[in-house]
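See below for the structure under consideration.
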Number of protein chains: 2
Amino acid sequence: MTSPRPLRADAARNRKLLLAAAADEFDVRGLDVSVADIARRAGVGKGTVFRHFATKDDLVAAIVLDRITALTETGGELLTAADAGAALLEFLSAVAREMQHFDLMHLQRAAEFDPELSQAQERLFRHVHALVERARSSGAVRTDITGADVVALMCAPKHAASSLPDAPPDLWQRYLAIIFDGLRPAGAHPLPQPPPSSP
Amino acid sequence: MTSPRPLRADAARNRKLLLAAAADEFDVRGLDVSVADIARRAGVGKGTVFRHFATKDDLVAAIVLDRITALTETGGELLTAADAGAALLEFLSAVAREMQHFDLMHLQRAAEFDPELSQAQERLFRHVHALVERARSSGAVRTDITGADVVALMCAPKHAASSLPDAPPDLWQRYLAIIFDGLRPAGAHPLPQPPPSSP
DNA sequence: CCATAATCGGACCGTGCGGTCCGGTTACCG
DNA sequence: CGGTAACCGGACCGCACGGTCCGATTATGG
C-alpha cells in the first residue's frame, strides 16, 4: 500500500519509536502535547517527526488508525461468540482499554479529512451495529436501543472514570457495568427522544 | 465580598456583556476560544476583558461558579421533593442542561487554584451525595452505588450525545434515561471495582 | 572500502495566543 | 459645569507551538 520503497533500517526503527512515544504521551497527557515533547521522548529530533508524519494530525491519525483497526478485529472475532450479550460487553471493555484519552469527537474530527481513517471508522461502526443487533435479538439488551446509541456511549465509562482525580485505573469497569445494566431489557423504562440516525 | 466600591455604570454593563458573550462562545465552540474572539463578540476591547478578569482562567471560573451555584440551588430545592428518585433524575437533567461543554475535568482543574470555586464544588457534591442517599433509601436507585459514582457519571449523557455529529440538542435525555436505568435496583448486576472515595 | 543517497537533528521562521500598557475618553460628584 | 478618577480599547510584548530547512551523519550497494 504505502511502501514504494523498503524503509531504511534506522528509519523504520525511529518510526516505531515515534509511534510508541506519541501513543504513550497522548494517553498520559492528552492530545495537545507538543511535537517537541514527543520527539524528545522518542530520543529523536523534531525534524524527524515531520519526515515520517507530514503533520501532527497525521501522527495522531496513524495512532488512531492502529487502534481502530485493532478494535475492528476484536469486534469481528466477537461476532461469532456464543453469548452475544457477553460479546458486546467484552467489546466495550476492549474499547475502554484501547481508547484511553481518544474519544469519538477527536476521532470524528480526525476522520473528516482522512479517507483511510474514515473508512476504518465506518468498518468499526458496522461491527458495533452487528454486535448490538445480535445482542438485541438474543434478548441480552433491550430492543429500543440501536447501534448508534452504543457508539455514542462507547467512550462514556472511560470518560466518567477519568473525570475523577486519583481514580484507580480500572474504575471504568464499574461504570461500564452500570451503563451496561442500563442497556439490559430487565426493568427498562421507555426512552425519550428517538435514536440518532448518523453513524 | 468583592465589592469594596460600587462598579461604575458602564463597567457593570460591560462585565455582564462579557460574561454572556463568554458563556455563549464557550458553550458553542469549546473552552479554547481566544479571549480576542470573546471580546469582539461582546463588542469590547481585549484590554477590557483583562480589567474585569485578571486572567482567562478567572473568566471561565466566574462562569463555572455561576453555574455550579445555580445547580447547587436546584439540588437544594430537590432535596425536599416527595419522590426522591424523580428528584435525582431531575437534578441530573439540570446538570446536563447547565453544563454544556464544561465537564468535570475542567471543573477540577479550575477549582484546583481557586478556593471559592473549590468550596462551591464541594457544596454541590455534598448535595449530590444527599440526593443519592435519599434516592437509595427510598429504593429508587440500587444500594451499591455512591454519590461519587453519580458525580462521575453526571456529565456522561451530555458528553455521549455531543460525541455524535449532527446530534439533536436534546439527545442527552435519551442517554440520561439509559444510564439512569442502570442506576435502578431492578435487574441490577453486581458491580466490579469498589466505588471511588475521592469526592 | 568508497560513493552516494537517504536520513538525522537542531537552528530557524511565522503565527496566534494570553497578557500588559498607556493615551484618550467617559461617567460620576461637588 | 468643571475636575478627576476610573474606565476603555487597541497597539504592543513574549512565548510556545506547528512546521521548514540544510549541513552533518550514516546506512547501503557495488
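Numbered from 1 within each chain, the chains take letters A, B, ... in sequence-line order. As the structure is a computational prediction, the values presented were derived from the model and not from experiment.
With A/Arg184 contributing its side chain and B/Gly187 its backbone, the two residues share no donor-acceptor pair below 3.5 Å.
Contact between the side-chain N/O atoms of A/Asn14 and the OP1/OP2 oxygens of C/dT7 is not found at any separation under 4.0 Å. Put simply, B/Thr55 has no side-chain N or O that comes within less than 4.0 Å of OP1 or OP2 on C/dG18. Contact annotation: B/His52 side-chain N/O to D/dC7 OP1/OP2 distance is not under 4.0 Å.
Put simply, CZ on A/Arg40 is 13 Å from P on C/dA11, counting in whole angstrom units. The interatomic distance linking A/Asp58 (CG) with D/dG19 (P) rounds to 9 Å, in whole Å. We find that CZ of A/Arg29 is positioned 14 Å from P of D/dA16, with the value rounded to whole Å.
Nearest-nucleotide positions on DNA chain D for B/Gly43 and A/Asp57 put B/Gly43 closer to the 5' end.
Counting any heavy atom pair closer than 4.0 Å across all strands shown, A/Asp32 reaches no nucleic acid atom. In this structure, A/Ser34 reaches the sugar-phosphate backbone alone: every heavy-atom distance under 4.0 Å involves primed, P, OP1 or OP2 atoms, never a base.
In terms of polar N and O atoms assigned as donor or acceptor, the side chain of B/Lys56 never comes within less than 3.5 Å of the base of C/dG19 in a complementary pairing. B/Arg51 contributes a side-chain N or O that forms a donor-acceptor pair with the base of D/dG9 under 3.5 Å.
With values rounded to the nearest 0.5 angstrom, B/Leu79 atom CG is found 10.5 Å from B/Leu88 atom CG.
The closest side-chain donor-acceptor pair between A/Asp58 and A/His52, if any, does not fall under 3.5 angstrom.
In this structure, A/Phe26 and A/Phe102 have perpendicular ring planes: the angle between them is above 60°, well past the 30° mark.
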